[in-house]
There are 2 protein chains.
Amino acid sequence: MKHNNQRKLNTGISVDCVIFGFDLEELKVLLIQRKTAQKAPDSRFSLPGDLIYNDETLDEAAIRVLKELTGLENIYLEQLGAFSALDRLSKIEDKIWLESIREQPNERVITIAYFALVNLNSFHPSPANFATSASWRPIQNVTSLAFDHHEIFESAHQQLKAKLQTQPIGFNLLPDKFTLSQLHKLYEAIVGKELDKRNFRRKMIKLDIVKKLEEKQVGVPHKPSNFYEFNQKNYQKLLKEGFDNFGF
Amino acid sequence: MKHNNQRKLNTGISVDCVIFGFDLEELKVLLIQRKTAQKAPDSRFSLPGDLIYNDETLDEAAIRVLKELTGLENIYLEQLGAFSALDRLSKIEDKIWLESIREQPNERVITIAYFALVNLNSFHPSPANFATSASWRPIQNVTSLAFDHHEIFESAHQQLKAKLQTQPIGFNLLPDKFTLSQLHKLYEAIVGKELDKRNFRRKMIKLDIVKKLEEKQVGVPHKPSNFYEFNQKNYQKLLKEGFDNFGF
DNA sequence: TAGCAAAACGTCTTAATGACACTTAGTAAT
DNA sequence: ATTACTAAGTGTCATTAAGACGTTTTGCTA
């Protein structure tokens, strides 16, 4: 990553981002891969993150990390919380790696985790940073990660699940035009269980946060699905009112 | 506060606690008062907090602050999030005060906020630290606070409201034995609106998180209220199942 | 033109919510 | 002792939401 030399790093505080994406089939996370090969099967993957600068807020730092890595801006981003275990950087494999990238590899760093939701289809990896070192991994395949990143990832996944029950944030993972089947599949992927198709549709339509478009799928070898778009206006209204009953 | 000289402070990270209490009438917050008198009507109040040590986690730091201030342990405590605005310590009145308590008053500090729920009745202020400098303030009276503490307070209040909708955390604010009227009053105080008495009772009883005791109020000039206790076991079960429908 | 595959659609039963008013148990005052 | 006062405690009905379940439709393909 390109660091501006004028700016002063805060060597005790970092941000890490759990970036979720949905490819209309599976829920995925964006992980970066260490340059040096490691023996442990999955520990070479980690969440994208960076130390913060002293002239930026945590939100700004997270936005910067996201931009540098994916080239995306204006994506859904929310603070998850701070992680401060004393041994969070002290796994032996991690230390070796840290020594190659940090000036003070033994300094204590607490990290503030963020979770982000991106629409995988509107996503064009920025070749320089991304293609070589980062990749989308199905969430089922995420077992162990570097540092305390697995704990952070699990915490993010849980929060995503919980939040979906009360707020329609799932739309951030879909393209502007989508079918109800895709939305359905997304919800099933996140909550991790089957949801009745008809009841799901009824609920979404009653909540009035989707608008039916005069456009259908073409070229599919079955009855084409209607496209819908997200109803921003009603969503905002629901956000304010708190919509208690959004559960399944 | 007594600082052990052996330990090394992390001068860039602090914790601040929003401690809620309920005196069976009103919802209150524990605020500390600066030693030096200030002209601004309320800005002399701030949230209890402290820089962290490098050999403690954030949770441990928050527990320490709480213990030092209130003498209480084992109270409900949850991380709220990190606050990192660049100007969060730069109000002029705050700077003067900071200079009197910090070695590097101009260093950037990000703070991790916690919110805590305590039962005001089982609360015995530790005379040394508490009585002189801290006091319970009704939440309506909390207008401006030092630093960015008002923002933190509001965020905590909002989270308390939101969380109450989906988890019965309110019990942490009540004594072991309480009446349904007290519980009712507490909920009204937190969500800030009237709740129908009968519907409220029905819901609590159906959720099966309260257990009726064979004990009544005595000495009240009206029909005495029955005491209840919190049903830990069912609460844990509900926590796991996620209990979608806890709204009003 | 027959077959295929996923989309679209409705009903019924059960459970939860919200609105609403009177009776009861104890204290305090006369 | 009777009366008055105060907050506690209780039930029903109408409306709305949830959960379970199978058949028809549309467009493509062979």
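Hydrogens, waters and symmetry mates are skipped; everything else that's a heavy atom, side chains included, is used. Chain letters run A, B, ... following the sequence lines, proteins first and then strands; every chain starts at 1.
A straight line from CZ of B/Arg198 to P of C/dT24 spans 15 Å, rounded to a whole angstrom. Straight-line distance from the CZ atom of B/Phe227 to the P atom of C/dG26: 14 Å, rounded to whole Å. The distance from atom CZ of A/Phe200 to atom P of D/dA17 is 17 Å, rounded to the nearest whole Å. In this entry the distance linking CG of A/Asn226 with P of D/dT26 reads 13 Å, nearest Å. Rounding to whole angstrom units, CG of residue A/Asp196 and P of C/dG10 are separated by 15 Å. Distance NZ (A/Lys223) to P (C/dG3): 20 Å, rounded to an integer number of Å. Here the C1' atom of nucleotide C/dA6 and the CG atom of A/Leu183 are 17 Å apart, to the nearest Å. Per the geometry, CD belonging to B/Gln182 stands 14 Å off P belonging to D/dA7, to the nearest Å.
More than 12 non-hydrogen atoms from other residues, nucleotides or ligands lie less than 6.0 angstrom from CG of A/Asp23. The 12-atom threshold is not exceeded at CD of B/Gln158, counting heavy atoms of other residues, nucleotides or ligands nearer than 6.0 Å.
Taking the nucleotide of DNA chain C with the nearest heavy atom to each of A/Gln217 and B/Lys197, the more 5' of the two is matched to A/Gln217. Nearest-nucleotide positions on DNA chain D place A/Lys206 closer to the 5' end than the other of A/Pro224 and A/Lys206.
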Measure all distances between protein nitrogen or oxygen atoms and nitrogen or oxygen atoms of nucleotides 27-30 of chain C, and list the pairs falling under 3.5 Å.
{"from": "C/dT27", "atom 1": "O5'", "to": "B/Val220", "atom 2": "O", "distance (Å)": "3.3"}

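The base of C/dA19 lies close enough to the side chain of B/Asn199 for a donor and an acceptor atom to sit less than 3.5 Å apart. A donor-acceptor contact under 3.5 Å is formed by the side chain of B/Arg202 with the base of C/dG18.
Contact annotation: A/Lys203 reaches the phosphate of D/dA18 (side-chain N/O to OP1 or OP2, under 4.0 Å). Between B/Ser225 and D/dG9, a side-chain N or O to OP1/OP2 separation shorter than 4.0 Å is present.
Remark: aromatic rings of A/Phe178 and A/Phe171 are close, center separation under 6.0 Å.
Residues satisfying the side-chain hydrogen bond (donor to acceptor under 3.5 Å, both in side chains) test with B/Asp208, not counting sequence neighbours, are B/Asn234.
Using a 4.5 Å heavy-atom cutoff, the side chains of A/Leu145 and A/Ser46 are not in contact.
Atoms CG and NE2, from B/Leu27 and B/His157 in turn, are 6.0 Å apart once rounded to the nearest 0.5 Å. How far CZ of B/Phe20 is from CG of B/Leu30: 11.5 Å, rounded to the nearest 0.5 Å.
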